[in-house]
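A short write-up of the structure that comes next.
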Amino acid sequence: MQKPLIDLRTYTIALRRIPEFLEVFDRLAMPVQLRHLGPPLGFYVSDIGPLNQVVHAWGYDSLADMEARCLGRNADPDWPAYLEASGHLIVAQENRILRSVPLPSLAGSGRAR
C-alpha cells in the first residue's frame, strides 16, 4: 500500500560493522519498530556509491501519524536496549521526509498516489 509520507533513514555504519549492526537492529529494534511503525517499505544496504550505509523507509499517512507512532516507539520500554547496543556502531544518521506527488501519468499504475 502506498503512503503519502515517507521517512527515509540512512545510517552510516562503522567500517566492517554492518553485519553486527544488522543483527542488533533485527534483534532489538525491529520488534519495537514493527509494534509501533508497522513493517518498513524497504530495508537496504549500499552497494555502489557511499558504502557502509543502511537505508530504510517507513510509510505514514501524515506527519501527525508519524509523530504519534514515533512517540510510541520512543516510549516503548524495549527501545533503550537497541539505542544502547547500537550507539557505537552508528557513525552518522540522515533522515528525509518525502511527500508523494500525484502524477496523472502514474494514476492506476500502483506507483504513485
In terms of hydrophobic clusters joined by side-chain contacts under 4.5 Å, are [X] and [Y] together?
X	Y	value
I97	Y11	yes
F21	L83	yes
L34	L28	yes
L37	L63	yes
V91	L8	no

Any chance you could measure [X], atom [atom1], to [Y], atom [atom2], to the nearest 0.5 Å?
X	Y	atom1	atom2	value
L41	D7	CG	CG	10.0 Å
L89	R17	CG	CZ	5.0 Å
L22	I13	CG	CD1	7.5 Å
L5	S62	CG	OG	7.5 Å

- Task: With the side chain counted from C-beta on, respond yes when Q93 and T10 share a heavy-atom pair under 4.5 Å apart, and no when they do not.
- Result: no

- Query: Do R99 and I6 have side-chain heavy atoms sitting under 4.5 Å apart?
  - Reply: no

For the residue pair [X] and [Y], what are the closest heavy atoms and their distance?
X	Y	result
D78	D76	N-OD1, 2.8 Å
H36	R69	O-NH1, 3.2 Å
N52	S46	N-OG, 3.5 Å

- Item | Residues that W58 engages under side-chain hydrogen bond (donor to acceptor under 3.5 Å, both in side chains), provided they are two or more places apart |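 Residues passing side-chain hydrogen bond (donor to acceptor under 3.5 Å, both in side chains) with W58: H56.
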
- Is a side-chain donor or acceptor of T12 paired with a backbone partner of Q53 at a separation under 3.5 angstrom? no

- D65 side chain vs D61 backbone, donor-acceptor pair below 3.5 Å: yes

- Task: Assess the pair F25 and F43: is the distance between their ring centroids shorter than 6.0 Å?
- Result: yes

